[in-house]
Structures are given as C-alpha cells and as structure tokens.
Amino acid sequence: MQGWFKENSPIDNEDLERHDKWLCMMWPRLHLLKELLAEDGVIFISIDNNEQHHLRMLMNDIFGKENFIESLIWRSRLGRGATARNTATLHEYIIAYAKDIASVEFREDKRVREMESRERLRQWGQGDRREDRPTMYYPIYSDKFGEVYPIRPDGTDGR
C-alpha cells in the first residue's frame with residue numbers, strides 16, 4: 001500500500017506548503033477508494049462545515065464534477081450547542097459521489113409517496129402545541145390539500 005501511495009499521490013513530503021495536511025492525508029485514500037468501488041458504486045462521506053468545501057474540491061478532482069450526486073444536510077445535534085458567539089452549528093454534511101454516474105440507477109422511495117399526508121407537515125415531539133410557539137401556527141398552502149393547519153393526533157392545534 002505504501003508503494004501505491006508513493007506512485008499515485010501528487011503530493012510529497014516537501015510539498016506541504018502548497019497543500020493542507022488534511023488534504024495530503026485524504027487524497028491518496030479517496031483515490032484508492034475510487035479504484036476499489038464497483039462501476040455502479042457510490043460513496044457517502046459525512047463531514048462538518050470546517051472541511052466540507054475542501055472535500056468537495058478534492059472529490060471533484062478525484063471523481064470528477066460530473067459524478068457529484070448530492071450534498072445532504074443532516075441534523076447532528078439537538079439543543080443550543082453554540083459553537084460561535086451568536087450561532088449554533090447543529091448539522092453536518094453528507095457528500096455523495098458516484099464512480100460513474102451513468103452506471104448508477106436511482107430508484108424512487110415509494111414509502112415516502114405512500115406516507116404523504118397532512119400529518120407530515122406538523123412539528124413532532126416536545127413543544128409541538130400551538131401555545132408553545134403561537135407564532136408558528138400558520139397555514140401551509142398545498143395544491144393537493146388546500147390550506148393546511150398543523151393538527152396534533154389528539155385533534156388540538158399543533159405547530
């Protein structure tokens with residue numbers, strides 16, 4: 001593996017001023033992962049905001065911009081964990097690339113379609129009552145359902 005890294009990495013030990021150490025570490029590993037993927041393979045990488053933009057550039061270089069699938073956001077924490085003076089970072093990113101986008105077949109998730117209903121528009125969990133957040137009680141307009149207000153399972157107003 002060390003031989004493969006030396007042969008395939010565009011970065012040597014003397015080149016650390018030009019590239020961040022993180023990129024130097026990631027480039028050969030991602031390149032090797034691409035070689036190991038099946039032709040219809042897809043890679044999903046979870047990353048925080050600190051290196052997300054660097055990862056996208058790196059993946060574009062290795063996998064090609066045309067093989068970018070999606071940048072997904074997922075809520076990684078609940079609550080008020082402020083990481084800066086006035087903001088709280090509550091999410092991370094999942095970057096998805098295909099080895100060869102033309103070889104990947106995407107299928108529709110029929111479960112979501114079957115579950116479509118007015119119920120999915122309501123806030124769930126703690127603080128889901130109208131009186132908890134009065135300003136969060138307003139209609140959502142839908143071609144399918146018309147004017148929709150959030151209603152809790154017990155029939156009371158939600159948010």
Go through Val42 and Val104 one step at a time and tell me if the side-chain contact (heavy atoms from CB on, under 4.5 Å) criterion holds.
CA-CA 8 Å; Val42 176; Val104 177; 4.0 Å; yes
Can you find a heavy atom in the side chain of Ile95 that is under 4.5 Å from one in the side chain of Gln52?
yes
Beyond-backbone contact of Leu58 with Trp27, side-chain heavy atoms, under 4.5 angstrom:
yes
Does the side chain of Asn67 come within less than 4.5 Å of Met59's, by heavy atoms?
no
Value for CE (Met26) from CD1 (Ile62), rounded to nearest 0.5 Å, stands at 8.5 Å
If you compare all heavy atoms of Glu92 against all heavy atoms of Ser46, which two are closest, and at what distance to 0.1 Å?
OE1-OG, 3.5 Å
If you round to the nearest 0.5 Å, how far is NZ of Lys34 from CG of Asp100?
9.0 Å
Measuring only between side-chain heavy atoms, which start at C-beta, is Leu30 closer than 4.5 Å to Leu55?
yes
If you take all heavy atoms of Glu35 and Lys99, which pair is closest and at what distance?
O-NZ, 3.6 Å
Taking all atoms of both residues into account, what is the closest heavy-atom pair of His54 and Glu51, and its distance?
ND1-OE1, 2.7 Å
Going by heavy atoms in the side chains, are Ile43 and Phe63 under 4.5 Å from each other?
yes
The criterion is ring-ring contact (aromatic ring centres under 6.0 Å, His included); which residues satisfy it with Phe68, sequence neighbours excluded?
Tyr97
In the single-linkage hydrophobic clustering (I, L, V, M, F, W, Y; side-chain heavy atoms under 4.5 Å), do Met25 and Ile47 co-cluster?
yes
Taking all atoms of both residues into account, what is the closest heavy-atom pair of Asn49 and His53, and its distance?
O-ND1, 4.1 Å
